[in-house]
Participant: 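Have a look at this one.
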Amino acid sequence: MSFHSQGGFPELLVDDDVRDYLSLFYGYVAYGGVSFGGPGAKAPFTAPQIDEYARTYQRPQVLTGGFELYRTLDQDERDNRAAKPITMPTMLLTADGTRDFTRSTVQPLMSTITRAVEVPRAGHWLIQENPEFVTTELVTFFAKEADR
């Protein structure tokens, strides 16, 4: 996150090697990836998917926009703290092994978490890493809430 948040620096380093960078980054934050304490993981995206992301991110303004997400995290946090808590029934899906920490972080912002679930064998890319589990959880949650 620190790398991504530096003004202009990541763009300079990644510019000519967008595909290589994305391939490494996607695996880095996947289940078993280094950022989750693992030895490393493959990207959970197919080669054609990575090709498409790379094609899109090759445009300088898109690459900068991607890094801007990290550069605005401090402001996002301030805005979230200033907002009223979400009171509607909410489901929290998290990476494997992160439910309790994530819940403690978002609890002040979501006062009605009715279901909190860790997605097995998933890191940052929940739906890509365990699509069947995530889809089942979403369908079940929305069906139950529709019946209320």
Side-chain angles (χ1 to χ4, degrees), residues 1-138 141-142:
M1 289 176 58
S2 295
F3 172 74
H4 293 152
S5 65
Q6 298 176 62
F9 186 66
E11 290 93 332
L12 180 68
L13 294 178
V14 171
D15 186 40
D16 292 331
D17 301 311
V18 172
R19 191 183 194 293
D20 290 339
Y21 164 76
L22 291 175
S23 294
L24 289 171
F25 174 69
Y26 292 155
Y28 191 83
V29 297
Y31 179 72
V34 175
S35 79
F36 283 94
K42 286 179 37 178
F45 302 98
T46 65
Q49 289 171 324
I50 294 173
D51 289 342
E52 180 59 18
Y53 284 122
R55 183 192 68 77
T56 302
Y57 278 108
Q58 297 248 223
R59 298 182 356 229
Q61 70 274 23
V62 176
L63 185 60
T64 294
F67 290 128
E68 286 296 323
L69 291 171
Y70 296 89
R71 294 176 186 139
T72 61
L73 286 176
D74 290 340
Q75 183 61 51
D76 293 344
E77 184 177 349
R78 288 189 296 274
D79 291 345
N80 287 335
R81 289 184 192 274
K84 291 181 181 177
I86 296 169
T87 58
M88 65 188 285
T90 306
M91 179 172 59
L92 176 66
L93 293 172
T94 71
D96 197 332
T98 66
R99 182 189 58 214
D100 293 342
F101 170 76
T102 304
R103 186 177 190 141
S104 70
T105 302
V106 301
Q107 187 84 46
L109 308 173
M110 300 175 185
S111 62
T112 314
I113 297 174
T114 59
R115 182 146 173 77
V117 181
E118 290 182 1
V119 178
R121 300 170 315 282
H124 184 71
W125 318 106
L126 304 179
I127 191 72
Q128 290 83 6
E129 294 180 86
N130 198 335
E132 295 83 12
F133 184 88
V134 172
T135 301
T136 298
E137 286 293 327
L138 289 171
F141 176 77
F142 288 123

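These values consider heavy atoms only, across backbone and side chains, with no hydrogens, waters or symmetry-generated copies.
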Participant: How close do I50 and S23 get, heavy atom to heavy atom, and via which atoms?
Facilitator: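 Scanning both residues, the minimum pair turns out to be CG2-OG, 3.6 Å.
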Participant: Could you tell me if R78 and Q75 have a donor-acceptor pair between their side chains, going purely by distance under 3.5 Å?
Facilitator: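 Short answer, yes.
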Participant: State the CD1-CD distance between I127 and E137, to the nearest 0.5 angstrom.
Facilitator: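 So the gap between those two atoms works out to 11.0 Å.
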Participant: Should L22 and F45 be marked as a side-chain contact (heavy atoms from CB on, under 4.5 Å) after you check the CA-CA gap, both sets of side-chain angles, and the distance that decides it?
Facilitator: CA-CA 10 Å; L22 291 175; F45 302 98; over 6 Å; no
Participant: Would you give the length of the straight line joining atom CE of M91 to atom CZ of F142, rounded to the nearest 0.5 angstrom?
Facilitator: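 Taking CE in M91 and CZ in F142, the distance rounds to 6.0 Å.
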Participant: Angle class for the H4/Y70 ring planes (parallel below 30°, perpendicular above 60°, tilted otherwise)?
Facilitator: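 Aromatic pair H4/Y70 classed tilted.
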Participant: Could you state the interatomic distance from CZ (F36) to NE2 (H124), rounded to the nearest 0.5 Å?
Facilitator: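 One finds 7.5 Å between CZ of F36 and NE2 of H124.
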Participant: Over all heavy atoms of both residues, which pair between P131 and Q128 is shortest? Give the atoms and the distance, please.
Facilitator: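 For P131 versus Q128, the nearest heavy atoms are CD-O, 3.8 Å.
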Participant: Ignoring hydrogens and angles, tell me if any N or O in the side chain of S5 forms a donor-acceptor pair with the backbone of S2 under 3.5 Å.
Facilitator: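 Answer holds: yes.
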Participant: Please give me the minimum heavy-atom distance between W125 and Y26, naming the atom from each residue.
Facilitator: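 Residues W125 and Y26, closest heavy atoms: NE1-O, 2.9 Å.
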Participant: Quick one: does any side-chain atom of N130 pair with a main-chain N or O of R121 as donor and acceptor, under 3.5 Å?
Facilitator: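 Flag not set: sc N130 to bb R121 has no pair under 3.5 Å.
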Participant: CD/E77 to OG1/T72 distance, rounded to the nearest 0.5 angstrom?
Facilitator: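 Interatomic distance, E77 CD to T72 OG1, rounded to 0.5 Å: 11.5 Å.
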Participant: Give a yes or no on whether the backbone of T94 and the side-chain of T98 come within a donor-acceptor separation of less than 3.5 Å.
Facilitator: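 Side chain of T98 to backbone of T94: no pair is present.
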Participant: For the CG atom of L24 and the CZ atom of R19, what is their distance to the nearest 0.5 Å?
Facilitator: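 Between L24 CG and R19 CZ, I get 10.5 Å after rounding to 0.5 Å.
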Participant: How long is the straight-line distance from OG1 of T114 back to CZ of F141, given to the nearest 0.5 Å?
Facilitator: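 One gets 4.0 Å once the value is rounded to the nearest 0.5 Å.
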Participant: Using every non-hydrogen atom in the two residues, find where Q6 and R71 come nearest and quote the distance to one decimal.
Facilitator: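 Smallest heavy-atom distance, with atoms named: O-NH2, 2.7 Å.
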Participant: Can you give me the closest heavy-atom contact between E129 and P44, atom names plus distance?
Facilitator: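 The answer is CG-CB, 3.7 Å.
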Participant: Using every non-hydrogen atom in the two residues, find where L109 and N80 come nearest and quote the distance to one decimal.
Facilitator: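 L109 and N80 have their closest heavy atoms at CD2-O, 3.3 Å.
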Participant: Can you tell me how the ring of Y57 sits relative to the ring of Y53, calling it parallel under 30°, perpendicular over 60° and tilted otherwise?
Facilitator: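 The rings of Y57 and Y53 sit tilted, inter-plane angle from 30° to 60°.
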Participant: Quick check against the 3.5 Å criterion: does S104 have a side-chain atom that pairs as donor or acceptor with the backbone of F101?
Facilitator: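 Flag set: sc S104 to bb F101 pair under 3.5 Å.
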